[in-house]
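Lettering follows sequence order; numbering is per chain, from 1.
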2 protein chains.
Amino acid sequence: MDMTSIIAGLPLFQGLAPHQNATLAGIAQRRYYSKGQIFFSEGDNADGFYIILSGRVKIFKLSPDGKEQIFHILEAPEPFGEAAVFSGENFPASATALVETPVLFFPAGKFTGLIRQDPILALSMLGLLSLRLRKLTTLVENLSLKEVPARLAAYLLYQSRDNEHKPVIELDVSKNQMAGLLGTIPETLSRILKRMAEENLIKTDARTITILNRKHLTDLAEGLRKLS
Amino acid sequence: MDMTSIIAGLPLFQGLAPHQNATLAGIAQRRYYSKGQIFFSEGDNADGFYIILSGRVKIFKLSPDGKEQIFHILEAPEPFGEAAVFSGENFPASATALVETPVLFFPAGKFTGLIRQDPILALSMLGLLSLRLRKLTTLVENLSLKEVPARLAAYLLYQSRDNEHKPVIELDVSKNQMAGLLGTIPETLSRILKRMAEENLIKTDARTITILNRKHLTDLAEGLRKLS
DNA sequence: GTTGCGCCTTGACTTAAGTCAAACTTCAGT
DNA sequence: ACTGAAGTTTGACTTAAGTCAAGGCGCAAC
């Protein structure tokens, strides 16, 4: 598929005139990252941003003593690294490919040039950043105001919501990574999953988790109830 | 001062043509909020955003059992509530006036209309949102990867940095609020301030904190060292 | 198959930070 | 100046979650 068609199909670029798609295609670069490869590290100069064509990307920070907080795990067709481009500084977190991941790369300077000429594109980006802000706000809320069981309950419900509220969740991340997403460590996650299973809120089987008691789990997520 | 001049002086609106300032003035509303008054509560429909003319505003969330996480404490001439406008939903947090606070209010619909016509304005907003995102990223990092002493150390250094690296910090928030900003509670904050004073890192006196050992405090903030 | 290496789980222990309660200080309002 | 409310400090206690260490499971490579 040629670059213009790919770009025309990306949600971020909906509503643009065809010639704008062509212009975007002119500045975009196709790049391939293999599993474990690093897109950028915290502190790197932000020279552009990426859009995932397929694969999975992890955005994260490490503490000096090695604990990892994962901010997002992203899939096609999501963009990442876009915020740093507009504050014109460096990346505040790191990004690596979890699997083979082809992306489009948009150089910062050229891209902001385009935005200057196209308010629709600007509004798209504004919408995107707002959404990111909202997600981060929720993350802060979870980390600061909720205990691990509540965070886990919220996470499970969220995964199930993504899957049309079906009670069966196929984990798409390792439990190690899940711990990183929830701001905790694998041991703690393991223990809490066990407790939830003991109280018949969920049933776990390898990579599959089944929600048995959605109401109770919801109360847990909202802090209205605790694991006993 | 008339509305157009006020608007022309706001950092967020720098670089606009004079007629754009006038248009902005046409949609802006002056509003006065007294101490404790609520701008909006979490979940409220986002009908517009605000710019502080003077005073102080607290952006925060409450947990079901009453703990408060403060996201920002803002002063003139900072805007707030802007992100919710572009994701077109509701406010993800609440905002109240800490003191008498006059603001400008910009209705969402009219404002996005202006952005559609002025890419400079759009770029300003993009820069603003990016900066917010960056600050939130730091907050997440602090909450998830650092202990309270490290967060406090970082906060003190940040305050001193704002004040040209002078070692004397005049607290502009109550210690209760400071605890809320750091994601902890007043008791814990009090104890850690005491420990820092015992180790001669700082000296406290009512609303004044003096940094005695910047190097050690920096190491603490970066997790290279701990309070003994 | 068996070897080895992540991933995951479990137990015993430690620790940071929260809870509860009491007392003291500061400050605003009458 | 007095009163009361809010802010702050301190102590004793509890608890959630992290650390450390060991062992089991599952999968891939040889």
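- In this structure, the CG atom of B:Leu171 is 13 Å from the P atom of C:dC27, given to the nearest Å.
- Using a 4.5 Å heavy-atom cutoff, the side chains of B:Val168 and B:Ile211 are not in contact.
- Under 4.0 Å is where a charged nitrogen must lie from a carboxylate oxygen, and between B:Glu42 and B:Lys61 at least one such pair does.
- Using a cutoff of 4.0 Å between basic side-chain nitrogens and carboxylate oxygens, B:Arg132 and B:Glu78 are scored as salt-bridged.
- Rounded to whole angstrom, the span from the CG atom of A:Asp65 across to the P atom of D:dA17 amounts to 18 Å.
- Salt bridge annotation for B:Lys146-B:Glu222: absent, with no cationic side-chain nitrogen under 4.0 angstrom from a carboxylate oxygen.
- Of the charged side-chain nitrogens involved, at least one lies within less than 4.0 Å of a carboxylate oxygen, so that B:Lys58 and B:Glu68 count as a salt-bridged pair.
- In this model, the phosphate group of C:dT9 is approached by a side-chain N or O of A:Lys175 to a distance below 4.0 Å at OP1 or OP2.
- Ring pair B:Phe49/B:Phe111: centre-to-centre distance below 6.0 Å.
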What pairs of nitrogen or oxygen atoms, one from the protein and one from nucleotides 10-14 of chain D, lie under 3.5 Å apart?
| residue | atom | partner | partner atom | Å |
| --- | --- | --- | --- | --- |
| D:dG11 | N7 | B:Arg191 | NH1 | 3.0 |
| D:dG11 | O6 | B:Arg191 | NH2 | 3.3 |

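- Taking the ring centroids of A:Phe39 and A:Phe80, they lie under the 6.0 Å cut-off.
- Checked against a 6.0 Å centroid threshold, the rings of B:Tyr33 and B:Phe40 do not count as neighbours.
- B:Leu152 places its CG atom 15 Å from the C1' atom of C:dA16, with the value rounded to the nearest Å.
- Rounding to whole angstrom units, CD1 of residue A:Ile185 and C1' of D:dC20 are separated by 10 Å.
- Within the 4.5 Å cutoff, the side chain of A:Ile52 has no heavy atoms near those of the A:Pro77 side chain.
- For A:Tyr32 and A:Tyr50, the gap between ring centers reaches or exceeds 6.0 Å.
- As a whole-Å value, the separation of A:Leu189 CG from D:dA17 C1' is 13 Å.
- Residue A:Glu68 contributes atom CD, which lies 14 Å from atom P of D:dG18 at whole-angstrom precision.
- Against DNA chain C, the stretch residues 218-228 of chain B makes no heavy-atom approach under 4.0 Å.
- At D:dG18, one or more side-chain N or O atoms of A:Thr184 fall inside 4.0 Å of OP1 or OP2 (strictly under the cut-off).
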note = Each base of DNA chain D marked ( ) or [ ] if paired in-strand (Watson-Crick or G-U under 3.5 Å), | if paired to another strand and . if unpaired gives ||||||||||||||||||||||..||||||
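- In this structure, B:Leu152 and B:Leu220 have side chains that are not in contact, with every pair of non-hydrogen atoms separated by 4.5 Å or more.
- For the pair A:Lys146 NZ and D:dA17 P, the interatomic distance rounds to 13 Å; values are reported in whole Å.
- Atom-to-atom, CG of B:Asn176 to C1' of C:dG18 comes out at 15 Å; the value is rounded to the nearest Å.
- Distance from the side chain of A:Glu147 is smallest to D:dA17 among C:dA17, D:dT8, D:dA17.
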